[in-house]
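Working notes for the structure below.
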Protein chains: 2
Amino acid sequence: MNEFSTVADDDAVAIARILANDHVADVVEALNRESRETASELLSEVPFERAVDIFDQPELDGAPELIEALPRAKAGKLLAAMSVDRAADILREMEEPARSELISGLAPPLRATLLAILGYPEGSAASLMTTEFVSVPSDWTVGRTLDYIRKVERTRETVYAIYITDPETHVLLRSTGLRRLITGEPDDLITTVAPDRTPVTVSPLADSEKVAQLISKYDLLAVPVVEGGKILGIVTVDDIIDTMIEETTEDVHRFGGMEALDEPYMKMSFLAMIQKRGGWLCALFISEMLTANAMQAYEAELERAIVLTLFIPLIMSSGGNSGSQATSLVIRALALREIGLGDWWRVALRELPTGLVLGSMLGVVGICRIALWQYMGFYDYGPHWPLVAATVGTALVGIVTFGSLSGSMLPFALKRIGFDPASASAPFVATLVDVTGLVIYFSVALVILRGTLL
Amino acid sequence: MNEFSTVADDDAVAIARILANDHVADVVEALNRESRETASELLSEVPFERAVDIFDQPELDGAPELIEALPRAKAGKLLAAMSVDRAADILREMEEPARSELISGLAPPLRATLLAILGYPEGSAASLMTTEFVSVPSDWTVGRTLDYIRKVERTRETVYAIYITDPETHVLLRSTGLRRLITGEPDDLITTVAPDRTPVTVSPLADSEKVAQLISKYDLLAVPVVEGGKILGIVTVDDIIDTMIEETTEDVHRFGGMEALDEPYMKMSFLAMIQKRGGWLCALFISEMLTANAMQAYEAELERAIVLTLFIPLIMSSGGNSGSQATSLVIRALALREIGLGDWWRVALRELPTGLVLGSMLGVVGICRIALWQYMGFYDYGPHWPLVAATVGTALVGIVTFGSLSGSMLPFALKRIGFDPASASAPFVATLVDVTGLVIYFSVALVILRGTLL
């Protein structure tokens, strides 16, 4: 937070020039580099229209705090002037009582719309939608629609689609694009320039992944959010791209075994960083303590055959690695809806032979390594070294198979109990596999080495 | 491949109905569920225009093989009728000699365009672009431009943007949208309805992540690919969404420690799956063998203090987990361009104290665990148990710090030598940290336990 002092006079001049002339996205980038205090100061000097444009960018860091810092009257005007989906986003992240105060100061129709959007859970289609879309009754002509877009909707930069509704029931019937509209005859009915097909829609509670998939699959610029046949709003392609980027970040962080950061790495405070990472790290550490218990249980065997300990890290990591592979495959296949919850047994039937083959490969490599070291005289594994090698090889088959199976089933299990399957992190899988890996290893050893080393 | 036999008469009827009436995206989904042979058979019965639409969908599995299976003349006609970027995609994935045969059969202008696009590396902006875009000279009027779009460009479903070029040099000057165009007076110059701002462009070799970022940042529907000021083509928002989904899949697979699959999990052949996973698994296994060497080097210590072995899995996994956290953070921050290659020391300066604090947290938990077990009589760590606890605690601080540091530096190192930083997988980091972790653990033990246990 000490960037404040770095805003020398030169910087101020440079920033003032950027604020006035640059593309609004570049202005946001410049503001994000400043401290909250400086950004707030700079924003108070910007003309109102420009400020609306700036706050309309979801990339602006700390927008709720910046709005909160403004006089309530000005903040209310800004919220009313920006796009509804963005205003809802900002209010959603704002603390009480500022949020309620601001909402109650808005004009009743806008207030009602915002409260409706805020009522939907975060990440749902309805929470991402904007209520600003072009919709006309099916008895309008092409000419009347064009006139309407020219005059009434002139503030809109992009017309993603034109939605055609039943004049009586307001139920969505068709959708068309500006491109088709301009080729129509002005006196024709609007329905003559719309494809004869029910538009693709989503329900208000559909998750953002579902919306992204529909947009990608049907190459749309926007998807209408529909309830009881009526359009509540639309989710546009640019909001979906922002959401996809955000969700990928969350997934990568979670797969790395931590809580997802909600701020850029370099902007995150030290304490927040420790919280996001420390919680999971401790949880994994405490679960992993079970390995110490497992080892203690086999201490007698360890003392008799110290040679077994040499391969513990190697064997455990192989289980974790094969599990992490299987988990990443299944997480992604579930996210892309290539497979559903009911396909778990199909996946298990693939992972079982895959694990057996992969485990056998590693087993052969492991046995060769031990034999090579023994023959070359690099190390002496004792008179029973072929049995030790057999133990390592057999254990690897069992552990890699178990790793592949449990790694692939974990995302299903998480999804089944209502968690995001992407919470199945690589460290989580490794921890799950480690304890069982030790038990498998020592059990195999007890069978193979009984009467010789054990 | 034995789905072929499952296409009973009922299915055939259902599929024929889908082929004729459904949205093309649903047709593609239905075809993807069939075997290549069945899909090929079904496609041969579809009217030409519909087949073009179907092949235009990037979601169609195995399009290169399906095109290759067609008579060359029909395949050529299809390629000529589909969008240029899609045709280039299909040709790119096709085997020789089919590819060269097909290309040489195309009309010379299309052939030249396709060869130009195919000359760019996969994943570059130019390889994703379509050459079908609307561009008009700056001395045209609004009316003339509208007429042009109505008549000449009538096959285009969406006009993402209208690019305005210099009438002499054809250099890109401005861009505008259909929305602005229809509000202009027909006799005004086209430049009067374009914002007075240089359009955002990319160079042909820019990577797809860069394009996605520009589209997201500036809320564009398309980005022109420009060389020497002239437009070569445009990358549209729907191609970028498809690319983003594909890249996220690749990143998740690689972060899981395997080669990225290029087909859906359930469609992948067993052998291909083993190849994609086995290679990395073996590489990691062979690197991890160094842990066995490290253990062998400390065998004398292990024999004297068997109690040390009990904590090896616990300590090693903590290093891997903290490394995996740091790697996932840095991979994502690099991908989002929050940090650049030159910021490595800034990241190191954050990870060093973070690792120390996280390591101390785990160290305290570890010491408490040992003390608790000792006091409660669950296990006897021997007369020197406080020293054993101190060894575990101190080693954890060192290992977690080392894990955080090396996990965060690995993506930088990979990027520096020209690899994708996302190749730094969680298993890769764990393997890197494991050997060092053992060395740290035994070194700490030698210092703390010298004269007592060792």
Side-chain angles (χ1 to χ4, degrees), chain A residues 25 150 158-159 177-179 182-183 216-219 237-238 241-242 244 248-249 252-253 255-258 264-265 273-274 277-278 281 284-285 288-289 291-292 295-296 302-303 306 309-311 313-314 316-318 321 324-325 328-329 332-333 338 354 357-358 361-362 369 379 426-427 434, chain B residues 25 150 158-159 177-179 182-183 216-219 237-238 241-242 244 248-249 252-253 255-258 264-265 273-274 277-278 281 284-285 288-289 291-292 295-296 302-303 306 309-311 313-314 316-318 321 324-325 328-329 332-333 338 354 357-358 361-362 369 379 426-427 434:
Chain A
R150 273 194 205 106
T158 310
V159 173
L178 214 43
R179 166 70 190 80
I182 62 166
T183 52
S216 156
K217 180 173 169 190
Y218 296 103
D219 293 341
V237 73
D238 31 288
I241 288 195
D242 294 339
M244 282 171 71
T248 304
T249 305
V252 169
H253 288 171
F255 196 68
M258 55 180 295
Y265 176 78
M273 179 78 85
I274 296 289
R277 292 163 72 166
L281 212 55
L284 291 168
F285 184 75
E288 188 78 26
M289 280 180 180
T291 57
M295 298 278 283
Q296 282 161 205
L302 279 174
E303 269 177 17
I306 198 93
T309 61
L310 305 181
F311 303 103
L314 183 60
M316 275 179 36
S317 70
S318 302
N321 293 346
S324 145
Q325 289 187 338
S328 73
L329 279 174
R332 203 52 202 154
E338 288 170 11
T354 307
V357 171
L358 291 173
M361 282 166 56
L362 297 195
R369 154 71 168 71
Y379 194 81
D434 279 353
Chain B
R150 272 193 205 108
T158 310
V159 173
L178 215 43
R179 167 71 190 80
I182 62 167
T183 52
S216 155
K217 181 173 168 190
Y218 296 103
D219 294 342
V237 72
D238 31 290
I241 288 195
D242 295 339
M244 282 172 69
T248 303
T249 305
V252 169
H253 288 172
F255 196 69
M258 54 181 296
Y265 175 78
M273 179 77 85
I274 296 288
R277 292 162 71 165
L281 212 54
L284 292 168
F285 184 74
E288 189 78 26
M289 279 179 179
T291 57
M295 298 278 282
Q296 283 161 207
L302 279 174
E303 270 177 14
I306 198 94
T309 59
L310 305 181
F311 302 103
L314 182 61
M316 275 181 33
S317 70
S318 302
N321 293 346
S324 145
Q325 289 188 338
S328 74
L329 279 174
R332 203 52 203 156
E338 287 169 11
T354 307
V357 171
L358 291 173
M361 283 165 57
L362 297 195
R369 154 70 168 72
Y379 194 81
D434 279 353

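Residue numbers start from 1 in every chain, and the chains themselves are labelled A, B, ... in the order their sequence lines are given, proteins ahead of strands. Note that these values count all heavy atoms, side chains included, but never hydrogens, waters or copies made by symmetry.
Contacts between B/Ala333 and chain A at a heavy-atom distance below 4.5 Å involve the side chain alone, from C-beta outward. With a 4.5 Å cut-off on non-hydrogen atoms, A/Tyr265 touches chain B through its backbone and its side chain both. Heavy atoms closer than 4.5 Å to chain A are found in both the backbone and the side chain of B/Met258. The contact between B/Asp434 and chain A is made entirely by side chain atoms (from C-beta outward), counting heavy-atom distances below 4.5 Å. At a 4.5 Å heavy-atom cutoff, the contact between B/Phe285 and chain A is made by backbone and side-chain atoms alike. The contact between A/Met316 and chain B is made entirely by side chain atoms (from C-beta outward), counting heavy-atom distances below 4.5 Å. Residue B/Gln296 touches chain A through both its backbone and its side chain, counting heavy-atom pairs closer than 4.5 Å.
Between the OG1 atom of A/Thr249 and the CZ atom of B/Arg332 there is a distance of 3.5 Å, given to the nearest 0.5 Å. One distance of note links CE of B/Met289 with CZ of A/Phe311; it measures 9.0 Å at 0.5 Å rounding. Of the inter-residue distances, the one linking B/Asp219 atom CG with A/Asp242 atom CG reads 6.5 Å to the nearest 0.5 angstrom.
Side-chain N or O atoms of B/Ser324 include one that pairs as donor or acceptor with a backbone N or O of A/Gly256 at under 3.5 Å.
Between B/Leu314 and A/Met295, the closest side-chain pair of non-hydrogen atoms is not below 4.5 Å.
Heavy-atom pairs under 4.5 Å with chain B peak, among A/Glu303, A/Met244, A/Arg277, at A/Arg277. Across A/Val357, A/Leu284, A/Leu281, the residue that shares the most heavy-atom pairs under 4.5 angstrom with chain B is A/Leu281. Heavy-atom pairs under 4.5 Å with chain B peak, among A/Leu302, A/Thr291, A/Val237, A/Thr354, at A/Thr354. When each of A/Met273, A/Arg369, A/Met361 is checked for heavy-atom pairs under 4.5 Å with chain B, A/Arg369 comes out on top.
Across all their heavy atoms, A/Ser216 and B/Ile241 have their closest contact at CB-CG2, 3.6 Å. The minimum heavy-atom distance linking A/Asn321 with B/Pro427 is given by the pair OD1-CB, 3.1 Å. Heavy atoms only, all atoms of each residue included: B/Pro313 and A/Glu288 are closest at O-OE2, 3.7 Å.
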